[in-house]
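A short worksheet on the structure shown next.
Throughout, protein chains are lettered first and strands after them, A, B, ... in sequence-line order, and every chain is numbered starting at 1.
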Amino acid sequence: MQATHSDNPKKYDLPKGYEFAEVERRWYLRWLEEKTFSARMDEGKSAFAIVIPPPNVTGVLHIGHALNNTLQDILVRYHRMRGDNALWVPGTDHAGIATQNVVERQLASEKQSRHDLGREKFIERVWAWKEEKGGTIINQLKRMGASCDWDRERFTMDDGLSRAVREVFVRLYQEGLIYKGDYIVNWCPRCHTALADDEVEHDPIDGKLYHIRYPYADGSGQVVVATTRPETMLGDTAVAVHPDDERYQHLAKIGISLPLTGRTIPVVFDHHVQREFGTGALKVTPAHDRDDYEIGLRHDLPRLKVMDDRGVMNQEAGPYAGLDRFACRRQIVADLTAADLLEKIEDYRHAVGKCYRCATVVEPTTSKQWFVSVRPLADRAVAAVQQGRITIYPNTWYRTFYNWMENIRDWCISRQIWWGHRIPAWTCEGCGQLIVTVSDPDTCPFCGATGLHQENDVLDTWFSSALWPFSTLGWPEKTRELTTFYPTSVLITSFDILFFWVARMMMMGLHFMDEVPFRDVYLHALVRDKHGKKMSKSTGNVIDPLVMIEQYGTDAFRFTLTAFAAQGREIRMDEERIDGYRRFINKLWNSARFAQMHLASADPAITALAADPKGLACAHRWILSRTNATISEVRAALDSYNFNEVAQANYHFVWHEFCDWYLEWIKADLASEDATARDQAKAVLLTVLEQVLKLMHPVIPFVTEEIWSQLPGVRGLIMVEPFPETHSAWEDIEAENTMNLLMGVISGVRTIRTEAEVHPSARIEATLICPDPDKRRILVEFAPSIRAMVRANTLTIVESGLVPDAAGHALVQDVELVVPLKGLIDVVGELDKLAKEQTKLEKELERVVGKLGNGQFMRNAPAAVVAKERDKEAEIRARLAKTIESTERLSKLR
RNA sequence: GGGCGAAUAGCUCAGCUGGGAGAGCAUCGGCCUUACAAGCCGAGGGUCACAGGUUCGAUCCCUGUUUCGCCCACCA
């Protein structure tokens with residue numbers, strides 16, 4: 001790259017290609033040094049705050065994080081430039097099970113288990129791991145350019161947040177909203193912990209449905225029950241049938257002799273039973289099935305646990321004790337078959353719950369757990385959303401949100417692992433009382449005894465993250481941060497944690513702060529591969545953000561994510577697009593290089609010329625008007641979270657208006673002898689470039705900062721420059737119309753050239769036939785520019801005239817473009833094209849005429865639409881006439 | 001079983017409250033026109049999944065169908 005630079009050392013200060021790696025490192029360090037990411041706590045300004053969805057401390061940056069944090073950074077940078085007191089709070093989540101797993105694996109490689117170390121040592125070990133390796137993702141966020149206030153980085157287990165967690169737990173307990181209960185939970189036999197309902201994933205599997213004969217205790221008959229899990233029959237404490245099921249009315253007084261155990265169990269009548277399913281009789285295992293648990297409660301059935309925490313059959317399983325649950329299933333099936341009690345086995349596809357961490361089949365089981373009564377909390381969250389105190393984007397999520405909140409169950413918050421917030425509850429060995437306090441008690445407040453035992457369980461990780469928006473701002477202290485930044489402005493996250501996290505933040509925020517945690521929620525899409533598949537290591541379709549950054553640069557990668565971030569549900573990431581946007585960054589870079597070449601010696605004060613564009617040449621007024629429109633579009637898109645439109649508007653403006661037309665157009669001015677022309681061009685060039693760099697800085701911070709620093713004059717950082725605002729003085733419809741005409745004419749002539757295979761460097765003679773006097777004046781005025789842009793020796797502009805036989809011809813608006821051709825033209829090909837064109841126009845005309853002749857249309861359609869149709873008709877007629885004319889002309893040449 | 005979403009150019013996607021569809025990449029043709037060949041100038045390419053309905057008019061609204069995807073749910 002340096003080699004190309006030295007090709008022309010005098011002319012260019014910037015290297016020919018954008019070298020992102022060095023630039024990105026340099027500017028990020030500079031931003032950190034100057035503390036530009038720090039919130040100023042200036043209470044006079046309006047606050048804009050975002051709390052980061054804390055990534056797992058074990059995490060490495062994946063493409064979902066990349067998207068999530070790019071969008072947040074865009075908003076924070078935008079608001080910072082707008083002059084808001086902007087704060088982006090970063091941090092990480094202790095991620096209970098995930099982190100514990102990592103360290104346990106480490107121990108396993110040393111042939112140790114956490115039990116060998118004991119709880120205290122194990123936790124020390126996890127902390128050590130966290131200190132050493134836990135910062136990975138934070139550094140990766142920095143490479144993404146994230147402008148977080150790093151001095152405020154938090155961790156869900158740091159002292160302040162731990163204090164908040166205890167405070168919340170104790171208050172909820174005192175308010176009766178936390179209780180400890182015997183309950184059926186989803187148990188992961190591998191992780192040895194309870195899982196929340198939403199931590200269980202249901203996958204359909206091909207299983208079997210076993211139909212088992214349960215004989216009556218008196219030997220007078222039998223009832224057949226169906227189950228997918230025969231091993232649970234050892235824990236059956238009833239058979240249930242529907243109360244209205246006539247087939248089974250006689251069972252009221254009959255007991256069932258449970259096979260293989262000889263226990264006698266009752267028959268109960270319960271509405272839950274589906275009469276149509278199987279035989280309409282249901283075996284009831286209250287200790288190992290959620291439904292059966294409920295039935296058990298209603299009929300006061302005993303709960304017989306037949307498995308232990310590892311999924312191994314226990315003493316209650318009698319001869320089966322010691323068998324793994326699946327081995328036990330096989331044995332039971334064999335024994336039932338031997339006893340001729342198995343009526344049949346059917347193939348059966350059904351959903352099985354699996355642990356979201358390790359995919360082990362979850363075993364529903366009863367145990368003592370801690371719960372939050374969520375109903376009252378959920379109701380407040382629903383009310384807040386209904387009242388519009390929180391706005392959800394995109395709005396398709398409202399219904400889903402309400403639906404979930406209506407059906408929410410109590411939240412099991414205890415986890416049987418070691419890494420996490422240990423539940424602040426102690427049992428007194430003396431009096432047996434439960435003590436729940438913020439600070440560790442020395443003695444029992446009830447009996448004064450000193451033997452206190454703290455709960456072994458820790459809290460669900462989501463419990464602490466639910467407090468994140470206020471705990472990170474210093475709660476329960478009454479801090480300036482809280483009064484300044486709470487409620488935060490917007491939460492940006494992926495929709496898959498709407499319930500895990502977002503809803504719970506609403507509940508906790510409303511309960512403890514009496515105010516919503518954020519005004520807006522923006523739920524972005526899930527990033528998939530280009531075929532719509534989930535990215536996963538096993539399928540090998542993962543796009544690694546860090547590799548993308550190395551390869552294409554952070555800005556190109558960020559721009560791609562932004563361009564993809566429409567308000568949908570999934571984003572299909574295509575690496576080719578990243579490459580495309582890398583070229584865009586390079587294009588921008590080179591436009592700056594061009595500008596630099598002409599502006600090197602310029603006084604930046606010349607931009608004052610652009611403040612009032614009235615006296616400027618048309619192209620300048622046009623680009624300022626387009627700049628103004630782009631500013632307006634970009635701001636609107638940012639304000640409404642339409643990120644893809646931000647990218648789109650900038651891309652189109654920079655490449656296709658600023659570069660393709662404006663820069664080409666002003667080349668002549670910049671080379672002109674006329675000092676006024678040169679100054680105007682320089683002034684507007686610099687003005688537009690400044691505007692566009694600022695406009696794009698939130699999306700592509702590095703390259704904009706680099707270019708900005710190279711522009712003439714002494715400059716501060718672009719990241720603290722004011723964001724562009726629209727100027728009504730820049731809006732200029734007339735200039736836009738004029739330029740549209742000129743650009744149309746130029747493109748038209750170029751098309752003729754290309755189609756006639758005129759060599760690009762060859763000069764042509766062109767004639768423009770323009771009956772409209774106003775347009776003719778414009779064409780005459782800009783003839784030199786047109787000539788340059790179409791490479792014409794002569795450009796004749798006339799009111800009317802005949803088209804010579806051998807000529808390329810086209811119609812733009814009502815201007816006829818004529819290029820006489822010396823060489824051969826492809827008469828047959830041309831005629832073919834004209835014929836095609838003619839039928840197309842005739843069809844269109846038919847439709848338009850039909851429309852205008854339709855009384856209904858004329859009566860009902862708005863005047864503007866009718867006028868548009870009329871214009872269209874006139875235009876089609878004119879084109880049609882010209883097409884027929886051309887056909888006749890060319891036919892003569894055949 | 002409920003709920004939600006998607007179906008638009010070869011590919012990946014836009015298309016705001018209904019007025020004959022756009023971009024990038026890919027394809028084809030031509031250019032080293034000194035900011036950029038990581039580029040420039042052009043071109044081709046679409047029954048907007050299917051069938052109805054509402055409307056003067058439907059890619060857009062309604063109903064149904066097909067295909068795909070997601071979420072929730074207690075049918076053993």
- Query: On RNA chain B, nearest-nucleotide positions of L663(A) versus R577(A): which is more 5'?
  - Reply: R577(A)

- Distance, rounded to the nearest Å, where R593(A) contributes CZ and A37(B) contributes C1': 13 Å

- Message: Under 4.0 Å between a side-chain nitrogen and a carboxylate oxygen: does that hold for R213(A) and E343(A)?
- Response: yes

- State whether R750(A) places a side-chain N or O below 4.0 Å from either non-bridging phosphate oxygen (OP1 or OP2) of G42(B). yes

- Message: Looking at every non-hydrogen atom in both residues, tell me the closest pair between R247(A) and G280(A) and how far apart they are.
- Response: NH2-CA, 3.9 Å

- Query: Considering only the C1' atoms, how many Å lie between G39(B) and U33(B), rounded to the nearest integer?
  - Reply: 11 Å

- Query: Is the shortest distance from a Lys or Arg side-chain nitrogen in R870(A) or E873(A) to a carboxylate oxygen in the other one below 4.0 Å?
  - Reply: no

- Message: Taking the P atom in each of U66(B) and A58(B), what is the distance between them to the nearest angstrom?
- Response: 25 Å

- Ranking C41(B), A43(B), G24(B) by distance to the side chain of D660(A), first place goes to C41(B)

- Please check if the distance between the ring centroids of Y393(A) and Y641(A) is under 6.0 Å. yes

- Do E346(A) and K208(A) sit within salt-bridge range, that is, some charged N less than 4.0 Å from a carboxylate O? no

- Is the closest basic N to carboxylate O distance between R290(A) and E294(A) below 4.0 Å? no

- Message: Say we look at U63(B) and G2(B): how far apart would their P atoms be, to the nearest angstrom?
- Response: 16 Å

- Which part of the nucleic acid, if any, lies within contact of Y651(A), taking any heavy atom under 4.0 Å across all strands shown: a base, the sugar-phosphate backbone alone, or nothing? sugar-phosphate

- Task: Tell me which nucleotide among A76(B), C40(B), A23(B) gets nearest to the side chain of Q648(A).
- Result: A23(B)

- Item | Gap in Å between the two C1' atoms, one belonging to G69(B) and one to G29(B), rounded | 41 Å

- Residue from T237(A), I256(A), D289(A), D236(A) passing side chain to side chain contact (heavy atoms under 4.5 Å, CB included) with K283(A): D236(A)

- Query: In whole angstroms, how far is the P atom of U33(B) from the CZ atom of R787(A)?
  - Reply: 21 Å

- Task: Kindly say if W397(A) contacts the phosphate of C70(B), meaning a side-chain N or O under 4.0 Å from OP1 or OP2.
- Result: no

- Item | Atom-pair distance (CH2 on W655(A); C1' on G24(B)), nearest Å | 10 Å

- Query: So, is S747(A) close to the G42(B) phosphate, meaning a side-chain N or O under 4.0 Å from OP1 or OP2?
  - Reply: yes

- Ignoring backbone atoms, test whether R583(A) places a side-chain nitrogen or oxygen under 4.0 Å from the OP1 or OP2 oxygen of C25(B). yes

- Note on the structure: The residue among F20(A), F643(A), Y581(A) that forms ring-ring contact (aromatic ring centres under 6.0 Å, His included) with F559(A) is Y581(A)

- Take atom C1' in C50(B) and the same atom in U12(B), then report the distance between them in whole Å. 24 Å

- What is the distance, rounded to the nearest whole Å, between atom CZ of R870(A) and atom C1' of C56(B)? 14 Å

- Message: Please determine whether the number of non-hydrogen atoms from other residues, nucleotides or ligands lying under 6.0 Å from atom CD of E757(A) exceeds 12.
- Response: no

Identify all pairs in which a protein N or O lies below 3.5 Å from an N or O of nucleotides 17-20 of chain B, and state each distance.
| unit_1 | atom_1 | unit_2 | atom_2 | d |
| --- | --- | --- | --- | --- |
| G20(B) | N7 | R847(A) | NE | 3.3 |
| G20(B) | N7 | R847(A) | NH1 | 2.9 |

- Side-chain ion pair, E875(A) and K868(A), N-O less than 4.0 Å: no

- Query: According to the Watson-Crick and G-U wobble definition with distances under 3.5 Å, which dot-bracket string, read 5' to 3', encodes RNA chain B, using [ ] for crossing pairs and | for pairs with another strand?
  - Reply: (((((((..((((.....[..)))).(((((.......))))).....(((((..]....))))))))))))....

- Task: Just call it for F564(A): base, sugar-phosphate, or nothing, with non-hydrogen atoms closer than 4.0 Å on any strand.
- Result: sugar-phosphate

- CE of M858(A) versus P of U55(B): gap in Å, rounded? 20 Å

- Message: Taking D639(A) first and then R635(A), would you say they form a salt bridge - that is, a charged N and a carboxylate O separated by under 4.0 Å?
- Response: no

- Item | Sugar-phosphate, base or nothing in reach of R859(A), heavy atoms under 4.0 Å | nothing

- Item | Side-chain N,O (H656(A)) to OP1/OP2 (C41(B)) below 4.0 Å | no

- Item | Given RNA chain B, 5'-ward residue of the pair Y581(A) and E645(A), judged by closest heavy atom | E645(A)

- Reckon N586(A) touches a base, only the sugar-phosphate, or nothing at all at heavy-atom distances under 4.0 Å? base

- Which nucleotide sits closest to the side chain of Q856(A): A76(B), C56(B), A43(B)? C56(B)

- Which whole number of Å gives the distance between the P atom of U34(B) and that of C41(B)? 14 Å

- Message: Roughly how many Å apart are A23(B) and G46(B), using the C1' atom of each and rounding to a whole number?
- Response: 14 Å

- Message: Tell me the interatomic distance from K208(A), atom NZ, to A76(B), atom C1', rounded to whole angstroms.
- Response: 17 Å

Atom pairs under 3.5 Å: protein N/O with N/O of nucleotides 27-31 of chain B:
none

- Query: For atom C1', what is the distance between A6(B) and G44(B), given to the nearest Å?
  - Reply: 29 Å

- Task: Take atom CZ of F401(A) and atom C1' of C70(B), then tell me their distance rounded to the nearest Å.
- Result: 19 Å

- Message: When you measure from the side chain of N586(A) to the backbone of Y18(A), do you find a donor-acceptor pair of N or O atoms at a distance under 3.5 Å?
- Response: yes

- Task: For E664(A), answer base if it contacts any base atom (sugar-phosphate contacts may also be present), sugar-phosphate if it contacts only those atoms, and nothing otherwise; contact means non-hydrogen atoms under 4.0 Å.
- Result: base

- Query: Taking S591(A) for the side chain and L588(A) for the main chain, is one N or O donor matched with an acceptor at less than 3.5 Å?
  - Reply: yes

- Message: Rounding to an integer number of Å, can you tell me how far I752(A) CD1 sits from A43(B) P?
- Response: 11 Å

- Item | Parallel, tilted or perpendicular: rings of Y662(A) and F658(A) (30°, 60°) | parallel

